[in-house]
Amino acid sequence: MVISRFAPSPTGYLHLGNARTAIFSYLFARHYGGKFILRIEDTDRERSTKEFENMLIEDLKWLGLDWDEFYRQSERFDIYREYAQRLVESGHAYPCFCTVEELEEERKKAEEKGVPYRYSGKCRVLTREEVESFKEDGKPYTIRFKVPEGRVVVFEDLIKGHIAINVDDFGDFVIVRSDGTPTYNFVVVVDDALMGVTHVIRGEDHIPNTPKQILIYEALNFQVPKFAHLPVILGEDRSKLSKRHGAVSVRNYREEGYIPEALFNYLCLLGWSPPEEGREILSKEELISIFRLEDINSSPAVFNKEKLRWMNGVYIREVVSLERLVDEFMPFLESAGYKVDRDYVKRVLEKTRDSFDTLKDGVERLKPFFAEEISYSEEAISVLENETSRAVIESFLQKVQEVELSGEKVKAIAKEIQKELGLKAKDVWHALRAVLTGELEGVGVDILCDVLPKEIVIKRMLKALQFMG
RNA sequence: GCCCCCAUCGUCUAGCCCGGUCCAGGACACCGCCCUUUCAAGGCGGAGAUCGCGGGUUCGAAUCCCGCUGGGGGUGCCA
């Protein structure tokens, strides 16, 4: 069976890049009917927080991901301790008593000499007696993995292909910190092996770590999994997508009114493309059935907010059901301070969902449907100041009294007024629009009248007349 | 510095493995027209890539080989 995992560290909000990694890893597992594991990598006790962990989980669920197993590394320290012990006993690792200061010194010297830095291996040659006596003195120590010399680690990456790295490039690395907590390169191996992970799917920034991990797999006699390193996501300036590029967390997009399925869909298209050309709007189910690691592009992709926006619009106007859209939209109306009836919102959205790209934009555009009081823009005011506008409004008020209000009716009335007053269609509509929406652009006056209660329409007319004095 | 990865329209990409059907296809954005009471949406059309550069191999290269350049990533008692 295929087993993949997503292993975020709870040190911040779920980043778009990580979200995409999670999605690919998830799609892969589901495609093969395998298992998907979520593992919180919180071995760095300094930077990890429970709050971030909760938000990570919340965001992953919001995106539509689910997992079969859940682990938290901070709860598995006993396991790591045991395997670290084994490595020491088998001679693959050793205690190192060097202080941070000493190491800093080594690094500085290397830099001055212009040679690439790697740990000197000083403590590698400590005798048993020396080690014992240091320990008795209570000297803090780390445990380092002994990197074999002259070894070239080779692996076939499922995305990048053949990769060979000479491990002489890095020195013995720390697997257990002086405070007893294990480090990433070590725990990731122990966990992936123990959890039976068959495919390690992660960002390409992990490629340099891979040989170190393979060395540990071997030392522990674990079976080495397959690796698939995803290209990174870049910002507009082609550097790794980060906070300085603006909104880069899943949460940002959630708050801006993006539909989770749209974000999910868009993220999939960064670095991956469906085998069937031309179809880009794909549901989670479709993605699961067609997703293959082989179709992942090996070059980095620039995140394009415009296209995400467009895609979100597609989801709003034609993909999600009306009920779903209402559910998604309600919270945005509430946080904008509108107290409205769900049924009313549904009637509004049914006619207007094709005119905005994000829920937040929707709130703005649909203001005339929800706001108690509307305010006039400068352009609207200048229209209201037109002599003809008063006549239009007065006539409209009179004609609307005896009829049931609807978009069709309003069209008929507008035409009548136009004829009676000898105006251009534009003049009539502009006046009505200014009165009803306070703007000269936006939703159609007819659809506005289709759902807006008649008394509100009348109220706005009267208010306008009053405004005109 | 050293190590690693990458390179097709502005952006995401198809094609590259198995050279010719590619004077390179699709999508977003852009431009124009249509629809129209406005803005969107929608429909139709357009512009946009000498396939990073230079060498090879070949009758023929975006596709194979080599070099260069550019970009990105890594180089932690972070993950």
Side-chain angles (χ1 to χ4, degrees), chain A residues 7-11 18 41-44 46-48 96 98-100 103 107 110-111 114-118 140-144 157 159-161 163-166 168-170 173-179 181-185 187-188 202-211 229 231-232 234 236 238-240 266 269-275 277-281 294-295 297-311 313 317-318 352-357 361 365 379 410-411 414 418 424-434 437 439-446:
Chain A
S9 63
T11 53
N18 290 137
E41 308 235 319
D42 55 353
T43 54
D44 182 348
E46 300 272 301
R47 303 200 302 153
S48 304
C96 167
C98 294
T99 63
V100 211
L103 297 173
R107 189 166 297 138
E111 210 166 292
V115 288
Y117 170 73
R118 47 193 283 259
Y141 62 95
T142 60
I143 292 178
R144 279 181 190 272
D157 190 275
I159 294 169
K160 305 283 183 178
I163 295 180
I165 294 173
N166 190 153
D168 284 346
D169 295 332
F170 30 78
F173 55 91
V174 173
I175 57 172
V176 179
R177 300 186 185 88
S178 53
D179 67 358
T181 59
T183 63
Y184 168 74
N185 277 125
V187 293
V188 73
R202 70 221 316 189
E204 74 176 338
D205 42 337
H206 285 288
I207 290 178
N209 287 323
T210 309
H229 288 98
V232 289
L234 272 23
E236 300 287 348
R238 296 212 144 258
S239 68
K240 197 174 168 184
Y266 175 72
L269 262 22
L270 282 182
W272 173 85
S273 62
E277 213 183 318
R279 284 195 60 220
E280 294 192 313
I281 305 298
E294 299 92 291
D295 296 322
N297 193 147
S298 57
S299 56
V302 172
F303 175 72
N304 185 226
K305 198 173 173 175
E306 280 305 310
K307 184 153 183 179
L308 200 212
R309 211 185 150 71
W310 162 78
M311 188 168 282
R317 70 184 81 98
E318 58 194 69
T352 59
R353 64 188 294 184
D354 60 1
S355 64
F356 54 92
D357 288 331
D361 285 356
R365 184 173 173 92
E379 296 80 5
V410 169
K411 279 186 190 167
Q418 186 194 333
K424 281 185 286 186
K426 205 171 214 166
D427 299 323
V428 178
W429 288 110
H430 263 91
L432 297 179
R433 160 175 304 287
T437 72
E439 302 281 343
L440 255 36
E441 53 173 53
V443 286
V445 170
D446 57 331

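Protein chains get the first letters and strands the later ones, always in sequence-line order, with residue 1 at the start of each.
With a 6.0 Å radius and a threshold of 12 heavy atoms from other residues, nucleotides or ligands, A:K426 has its NZ atom at or below the threshold. In the displayed structure, A:E294 atom CD is contacted under 6.0 Å by more than 12 heavy atoms of other residues, nucleotides or ligands. More than 12 heavy atoms of other residues, nucleotides or ligands sit less than 6.0 Å from atom CZ of A:F170.
Across every non-hydrogen atom of A:W429 and A:D446, the tightest pair is CZ3-N, 4.4 Å.
Contacts of A:S273 with the nucleic acid, taken as non-hydrogen atoms under 4.0 Å apart, involve only primed sugar atoms and P, OP1 or OP2. Within 4.0 Å of A:H229, counting heavy atoms only, lies no atom of the nucleic acid at all. Looking at heavy-atom distances under 4.0 Å, A:R433 makes contact with a base. When heavy atoms are screened at a 4.0 angstrom cut-off, A:N209 is found touching base atoms of the nucleic acid. Among the atoms of the strands shown, only primed sugar atoms or phosphate atoms (P, OP1, OP2) are found under 4.0 Å from some heavy atom of A:R238. Among the protein residues, A:S178 comes within range of the nucleic acid bases, having at least one heavy atom under 4.0 Å from a base atom. Backbone-only contact: A:G271 has heavy atoms under 4.0 Å from sugar-phosphate atoms and none from a base. At a threshold of 4.0 angstrom between heavy atoms, the contacts of A:D446 include nucleobase atoms, whether or not backbone atoms are also involved. A:L103 comes within contact range of at least one nucleobase, with a heavy-atom separation under 4.0 Å. Heavy atoms of A:T43 sit under 4.0 angstrom from primed sugar atoms or phosphate atoms, though from no base atom. Across all strands, A:S299 comes closer than 4.0 Å only to sugar-phosphate atoms, never to a base (heavy-atom distances).
A salt bridge links A:E280 to A:K307: one of the charged nitrogens lies within less than 4.0 Å of a carboxylate oxygen.
Rounded to whole Å, atom C1' of B:C39 lies 15 Å from atom CH2 of A:W429. As rounded to whole Å, 19 Å separates atom P of B:A40 from atom CD of A:E318. In this structure, the CG atom of A:L234 is 13 Å from the C1' atom of B:G70, given to the nearest Å. Remark: P of B:A27 and OH of A:Y266 are 16 Å apart, rounded to the nearest angstrom. As rounded to whole Å, 16 Å separates atom P of B:C3 from atom CD1 of A:I207. Atom CG of A:L440 is separated from atom P of B:U38 by 11 Å (rounded to the nearest Å).
The side chain of A:K307 places no N or O atom within less than 4.0 Å of a non-bridging phosphate oxygen (OP1 or OP2) of B:U13. Considering only side-chain N and O atoms, A:R118 lies nowhere under 4.0 angstrom from the phosphate OP1 or OP2 of B:G74. Remark: A:N297 is not in phosphate contact with B:C6, judged by side-chain N or O atoms under 4.0 Å from OP1 or OP2. Taking side-chain N and O atoms only, A:S298 has no distance below 4.0 Å to OP1 or OP2 of B:C5. Within the structure, every side-chain polar atom (N or O) of A:R177 is placed at least 4.0 Å from both OP1 and OP2 of B:G76.
The C1' atoms of B:C65 and B:A49 are separated by 24 Å, rounded to the nearest whole Å. Comparing B:A61 with B:A24, their P atoms sit 16 Å apart, to the nearest whole Å. Of the P atoms belonging to B:G72 and B:G67, the separation is 23 Å, rounded to the nearest Å.
Under the 30°/60° scheme for interplanar angles, the aromatic rings of A:H206 and A:Y184 are found to be tilted.
Between A:E46 and A:T181, every side-chain heavy-atom pair lies at or beyond the 4.5 Å cut-off.
The partner of B:G1 is B:U75, by the rule that a Watson-Crick or G-U pair needs both atom distances under 3.5 Å. Under the Watson-Crick or G-U wobble criterion, with both distances below 3.5 Å, B:A62 has no partner in any strand shown. When Watson-Crick and G-U wobble pairs are counted only if both distances are under 3.5 Å, B:U69 pairs with B:A7. Across all strands shown, B:A49 forms no Watson-Crick or G-U wobble pair with both key distances under 3.5 Å.
Contact of A:D354 with B:A40 (side chain to base): no donor-acceptor pair of N or O atoms is detected under 3.5 Å. Side chain A:R365 to base B:C39: a donor-acceptor pair is found below 3.5 Å.
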